[in-house]
Protein chains: 2
Amino acid sequence: MADTEYVNIWMRPERPARGPRPAYSRAQITEAAIRIADAEGLEAATMRRIAAEIGAGAMSLYRYVPSRDDLVELMADRLQGEIDLEGVPSGDWRADLTRYADGLRAMWLRHPWVATAHRSLPGFGPNQLRLIERVMAVLDPYVSIDESLSLLSILTGYVESAARGEVSQAEEVRRSGLTAAEWMARHSPHVRQLVESGEYPMFSKIVLEARQPHLNHDDQFRYGLERVLDCLAAALSAPGGPPDPRDETFVTRAGDETTDAPACPVCGAAVPETATGRPRKYCSRACRQRAYRTRQETGSPE
Amino acid sequence: MADTEYVNIWMRPERPARGPRPAYSRAQITEAAIRIADAEGLEAATMRRIAAEIGAGAMSLYRYVPSRDDLVELMADRLQGEIDLEGVPSGDWRADLTRYADGLRAMWLRHPWVATAHRSLPGFGPNQLRLIERVMAVLDPYVSIDESLSLLSILTGYVESAARGEVSQAEEVRRSGLTAAEWMARHSPHVRQLVESGEYPMFSKIVLEARQPHLNHDDQFRYGLERVLDCLAAALSAPGGPPDPRDETFVTRAGDETTDAPACPVCGAAVPETATGRPRKYCSRACRQRAYRTRQETGSPE
DNA sequence: CTCCATTGGGTACCGTGTAAGCAGTTATGG
DNA sequence: CCATAACTGCTTACACGGTACCCAATGGAG
């Protein structure tokens with residue numbers, strides 16, 4: 001209930017104006033969490049474990065991050081920052097998008113747990129925003145924004161879907177504690193049984209005839225990627241665009257919350273009552289912080 | 001420990017040979033769990049909650065299912081069974097795949113929690129196998145198994161990616177307890193701030209100019225789907241068929257397609273062959289027009 | 001009939017995220 | 001200079017999660 005006024009992790013200030021120097025930082029916590037998740041999976045990155053990693057108490061983390069979900073969001077955005085698109089757009093859209101696709105996939109493979117953390121929603125994190133700037137600029141000279149969004153979502157969809165496939169097998173293997181070969185060996189009886197039943201001819205054909213699944217993942221990926229890029233190339237020159245829409249804009253007026261409780265002067269949300277009955281002016285610690293900073297910056301007495 | 005010999009849920013027999021009649025069934029439990037997950041999200045489908053739903057004790061479920069993860073797998077496979085592909089393949093591959101895509105997306109929208117449950121790995125469940133049989137048979141007459149796998153993974157990747165986007169917003173809204181309008185209103189200050197900062201021109205352009213994001217999701221989906229199907233169509237009619245995965249250099253060969261075939265001077269894509277065999281310079285009318293416009297603006301003779 | 005594998009149910013354990021209150025630490029007002 | 005407010009990291013405590021283990025009841029096999 002507390003701190004509900006911040007829509008995002010990104011809207012919430014990291015450091016307060018006064019008081020002792022924080023011993024840690026969001027970046028440090030995020031880094032530790034990523035280290036653990038890389039090694040043992042996202043579910044191993046519990047609050048206690050992360051805190052132990054940096055030598056803090058479990059609850060201390062909540063001084064920096066309002067909840068674990070928010071921490072995961074921080075982690076996800078940090079990951080987006082790993083995709084290096086320096087110099088993009090270069091003028092060669094195909095090369096640029098190949099680089100983007102490779103970078104995105106490589107990031108997924110380095111951090112298999114993104115499959116769990118990823119929300120497919122705009123998180124508005126700084127790294128994601130920077131990435132959007134680069135990638136969206138690639139097709140901008142050729143097509144409309146709407147078309148750019150559509151085409152790039154096809155590309156990103158392909159990359160993430162491919163990466164998800166690679167990653168989930170790796171995760172399965174990791175979780176089972178077996179090697180990849182052992183995993184395959186364990187599953188083969190079932191597969192053989194399915195094939196021998198004769199009920200699944202296409203499945204059997206895949207198992208018996210297909211060479212793709214046994215192929216180098218890199219080549220598999222690259223082949224599909226070329227197909228997708230061919231698709232984009234065709235679309236870049238296609239007549240017309242997406243269907244004509246009409247709708248109101250995303251940026252709407254601020255919410256009109258109606259509550260009878262005293263309103264927080266910073267965010268306007270209802271001020272929660274404390275158990276002690278001590279009157280509060282702000283709805284949360286964070287809002288109080290913000291008010292102080294604002295007062296300091298503006299020199300306002302109140 | 002005791003049940004390690006079973007690789008899968010599917011390998012484990014549901015009912016023992018002897019003893020009292022079980023009071024419940026896997027199907028019944030799965031159904032109840034799906035009902036709860038549909039209404040309140042996958043995280044609400046706890047063992048205790050599911051058991052309560054069917055009037056059993058929490059631990060009783062473990063007589064039917066070895067773990068919650070396995071139950072989730074049962075649920076996921078049940079969902080695959082909802083995709084009706086009766087009569088597929090019909091001979092019209094494009095219609096078949098459209099039906100598959102629509103069915104897959106509709107299933108996702110009915111059960112938003114698949115985004116969490118889905119593992120992108122072959123689970124070898126009966127419904128998934130049946131689905132594979134139908135879908136893989138669609139392109140089987142035209143291309144190799146390997147090509148079928150590649151192309152269909154592009155399609156499935158697009159559909160799931162699109163559905164994941166729609167669903168995750170819906171889930172976000174559901175979890176926050178707000179209406180979609182309220183959610184947007186809550187986020188708009190941050191968006192506005194980002195736009196007004198001037199640091200993110202492409203993002204701003206999306207917010208201020210794009211109409212797609214506010215478009216009917218169905219239309220958005222269908223537009224991208226047509227693009228993907230166009231891509232498949234191009235691959236199906238590629239000269240000489242798909243590259244042979246056994247060929248170690250098939251990757252570069254796939255890349256060379258654009259240079260081997262005459263390339264469109266505007267977009268760089270391969271110029272498609274016409275049914276009449278009439279030679280073309282540009283890959284489409286739009287590219288020709290674009291080249292014409294450019295020529296006029298720059299005054300270039302060619 | 002007896003036997004006993006299997007049933008559904010209950011209790012208990014450990015690990016999770018996190019709310020609330022604690023004793024120190026620091027910046028600020030007087 | 002001090003008193004104090006605001007903040008720090010930490011500890012305790014709680015509700016809830018999956019599930020290991022034990023139980024009496026049940027009903028088919030012999």
Side-chain angles (χ1 to χ4, degrees), chain A residues 1-4 13-26 28-29 33 36 40-72 175 272-282 284-296 299 301-302, chain B residues 1-4 12-26 28-29 33 36 40-72 175:
Chain A
M1 180 53 83
D3 306 334
T4 328
E14 164 150 24
R15 283 198 48 189
R18 299 200 324 209
R21 279 269 174 77
Y24 316 106
S25 70
R26 274 187 191 165
Q28 183 184 359
I29 294 172
I36 296 172
E40 306 167 44
L42 186 61
E43 77 276 5
T46 66
M47 297 305 265
R48 294 172 225 261
R49 182 93 170 65
I50 298 167
E53 177 88 4
I54 62 174
M59 290 312 290
S60 303
L61 301 187
Y62 287 92
R63 296 286 162 194
Y64 301 88
V65 164
S67 76
R68 183 174 186 270
D69 282 351
D70 288 288
L71 176 55
V72 171
R175 240 187 327 185
E273 292 183 23
T274 63
T276 64
R278 186 168 55 98
R280 280 216 223 164
K281 180 167 184 184
Y282 302 100
S284 73
R285 184 182 300 131
C287 264
R288 206 163 46 207
Q289 287 172 12
R290 178 176 288 265
Y292 284 133
R293 248 209 330 285
T294 308
R295 228 175 302 159
Q296 285 217 309
E302 158 65 341
Chain B
M1 175 67 75
D3 306 318
T4 327
R12 168 191 295 256
E14 165 150 21
R15 286 196 44 190
R18 299 195 325 211
R21 279 271 170 79
Y24 316 107
S25 70
R26 274 187 191 167
Q28 183 185 358
I29 294 171
I36 296 171
E40 307 168 43
L42 187 59
E43 76 277 5
T46 67
M47 298 304 266
R48 296 172 224 257
R49 181 91 168 67
I50 298 167
E53 177 89 5
I54 62 174
M59 292 311 293
S60 303
L61 301 186
Y62 287 92
R63 298 286 162 195
Y64 301 87
V65 165
S67 76
R68 183 174 186 269
D69 283 350
D70 288 290
L71 175 55
V72 171
R175 240 189 324 186

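Just so we're on the same page: letters track the sequence lines, and every chain starts at 1.
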Query - With sequence neighbours excluded, residues passing side chain to side chain contact (heavy atoms under 4.5 Å, CB included) with B/A44 - result: B/I36, B/E40

Report summary line: Separation of C/dT18 atom P from A/L71 atom CG, nearest Å, is 10 Å

Query - For atom CE of B/M47 and atom C1' of D/dG17, their distance in whole Å - result: 11 Å

Report summary line: Applying side chain to side chain donor-acceptor pair (under 3.5 Å) to B/S25 and not counting sequence neighbours gives none

Query raised in the report: Between A/R68 and A/A45, is there a donor-acceptor pair closer than 3.5 Å when you use the side chain of the first and the backbone of the second?
Result: yes

Requested in this report: Could you state the atom-to-atom distance from OH of A/Y62 to P of C/dC22 in whole Å?
Outcome: 21 Å

Report task. Please report, rounded to the nearest Å, how far the P atom of D/dT19 is from the CZ atom of B/R68. Result -> 8 Å

Requested in this report: Verify side chain to side chain contact (heavy atoms under 4.5 Å, CB included) between B/R26 and B/R12, making sure each step is shown before the conclusion.
Outcome: CA-CA 12 Å; B/R26 274 187 191 167; B/R12 168 191 295 256; 3.2 Å; yes

Query raised in the report: Expressed in angstrom and rounded to an integer, what is the separation of A/I50 atom CD1 from C/dT16 atom C1'?
Result: 12 Å

**Report entry** side chain to side chain contact (heavy atoms under 4.5 Å, CB included), paired with A/S67, selected from A/V65, A/D70, A/L71
**Finding:** A/D70

Query raised in the report: Can you tell me how far P of D/dG17 sits from CD of B/E43, to the nearest Å?
Result: 11 Å

Query raised in the report: How does protein contact run along nucleotides 10-15 of chain D, one letter per nucleotide 5' to 3', with B for base contact, S for sugar-phosphate only, - for none, heavy atoms under 4.0 Å?
Result: BBB---

**Report entry** Student check: side-chain heavy atoms of B/M47 and B/Y62 closer than 4.5 Å
**Finding:** yes

